[in-house]
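Below: one structure, written as structure tokens.
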Amino acid sequence: MPIRPAVARPFAVCAALATLLAISGCDVRERADRGGTESGATSEASQPPPTSRDPEAAGDSRPKLRARTITIDGVVLRVAARKAPVVTADEVTPGLHTVTLALARGGSARVALVSPGALDVDTDGSITVLDGNGTPVAAIGPPAPPSGTEGNTPRIDVTDTDATHARVEVDDRVRPVQGSGTAGSGPLQVTLAVGTDAIESATWGENEGGRSLAVDPADWARHAGQAGVDLIRTQLVAAEPDAGSTTMDDQLVCHAVGAPEKATWNLEPWRPEVGLILTATAQCNPV
């Protein structure tokens, strides 16, 4: 399977700056965290036979594996867990599939990529889905803290050396918020958003000193962490090659971290290349 080339991850650097910088006209905010057809099919699956890609399925003594298969724009993912129902609800819309996991404290579910490619898990808990050529084709945003809890956000880790499996694990230190009505021993609901359409529109115009590309990212991609940035960048450059310059990319990351809710992210190719830090200190508009 092709190996994705190593790339710089400026998102985390700029995320740290977001706590110090205010983007003009926008609020700096923390990251938080829709079957049967190509656009978003789901199906129940019983325990599969053991395979090299599904090592936890082996062993007759283990509890039955409960799974859900998600197919969205050619990307096939399998979400599975043991003992408890893996999905309590799901929602499908064009280019987006949202699933809610029911997990016990200290429990976990696995996300396995069935279609060709790999899962690239970032430190912020988001997952970039790569095709067989190493190109981002989908993104899974970092899970929001379970409803009615306080403490640690569920962590996501790659658990297999072939990079096709990730684990969604609820830290056993997570506790219900006092007075929330959440049973201390009951399962927690953890929601994941799997998206393939990261951009609503990208339109060239004139702004200030020259050409400007007004980018309107999809709402889910605005809050999908590093994976969302990976997918926005890939789809934007494929549609508008001029967006592939270093200064345009720095402006993109600056908006993604510092002004995700801004109606459009205006990127100008004529602005100087000054690096991500100075781009951020210039409120995404270096001169």
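Note that the structure is a prediction, hence the values are computed from the model and not measured.
- By the criterion of side-chain heavy atoms lying less than 4.5 angstrom apart, applied directly or through intervening Ile, Leu, Val, Met, Phe, Trp or Tyr residues, Leu276 is not grouped with Leu267; the two fall into different hydrophobic clusters.
- The OG1 atom of Thr264 sits 13.0 Å away from atom CD of Glu200, with the distance rounded to the nearest 0.5 Å.
- Residues Ile72 and Val168 are members of one and the same hydrophobic cluster, defined by side-chain heavy-atom contacts under 4.5 angstrom among Ile, Leu, Val, Met, Phe, Trp and Tyr.
- When all heavy atoms are compared, the tightest approach of Leu213 to Ala202 is CD1-C, 3.9 Å.
- Across Ile199 and Gln235, no two heavy atoms sit closer than the pair N-OE1, 3.8 Å.
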Working for side-chain hydrogen bond (donor to acceptor under 3.5 Å, both in side chains), residues Arg271 and Thr247: CA-CA 7 Å; Arg271 293 192 180 276; Thr247 183; over 6 Å; no
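- Checking side-chain atoms of Ser115 against main-chain N and O of Val76 turns up a donor-acceptor pair under 3.5 Å.
- Note: Leu113 CG to Leu130 CG = 8.5 Å, rounded to the nearest 0.5 Å.
- Of all non-hydrogen atoms in Gly228 and Ala139, the two that sit nearest each other are N-CB, 4.1 Å.
- Under a 3.5 Å cut-off, the side chain of Asp122 and the backbone N or O of Gly125 do not form any donor-acceptor pair.
- Taking the side chain as every heavy atom from C-beta outward, Asn285 and Glu268 approach each other to under 4.5 Å.
- Rounding to the nearest 0.5 angstrom, the gap separating the CZ atom in Arg233 from the CG atom in Leu252 is 6.0 Å.
- Hydrophobic clustering, with ILVMFWY side chains joined whenever heavy atoms are under 4.5 angstrom apart, keeps Val75 apart from Ile232.
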Working for side chain to side chain contact (heavy atoms under 4.5 Å, CB included), residues Ile140 and Leu77: CA-CA 11 Å; Ile140 305 174; Leu77 296 163; 4.0 Å; yes
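- Under the 3.5 Å distance criterion, the side-chain polar atoms of Asp131 are matched with a main-chain donor or acceptor of Asn133.
- In terms of hydrophobic clustering, with Ile, Leu, Val, Met, Phe, Trp and Tyr side chains grouped at heavy-atom distances under 4.5 Å, Val257 and Val215 are assigned to different clusters.
- Taking the side chain as every heavy atom from C-beta outward, Arg78 and Arg68 never approach each other to under 4.5 Å.
- Taken from NE2 in His255 to CD in Gln283, the straight-line distance is 10.0 Å, to the nearest 0.5 Å.
- The minimum heavy-atom distance between Asp242 and Met248, with the atom names listed, is O-CG, 3.8 Å.
- Counting only heavy atoms from C-beta outward, the side chains of Leu231 and Thr128 never approach each other to under 4.5 Å.
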Steps toward side-chain hydrogen bond (donor to acceptor under 3.5 Å, both in side chains) verdict (Asp124, Ser126): CA-CA 6 Å; Asp124 66 358; Ser126 64; 2.6 Å; yes
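- A pairwise comparison of heavy atoms in Arg222 and Glu261 identifies NH1-C, 3.7 Å as the closest pair.
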Verdict with reasoning, Thr71 to Val114, per side chain to side chain contact (heavy atoms under 4.5 Å, CB included): CA-CA 10 Å; Thr71 303; Val114 179; over 6 Å; no
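- What you find for Gly95 and Trp220 is that their closest heavy atoms are O-NE1, 4.2 Å.
- The hydrophobic clustering, which links ILVMFWY residues whose side-chain heavy atoms are closer than 4.5 Å, places Val229 and Leu236 apart.
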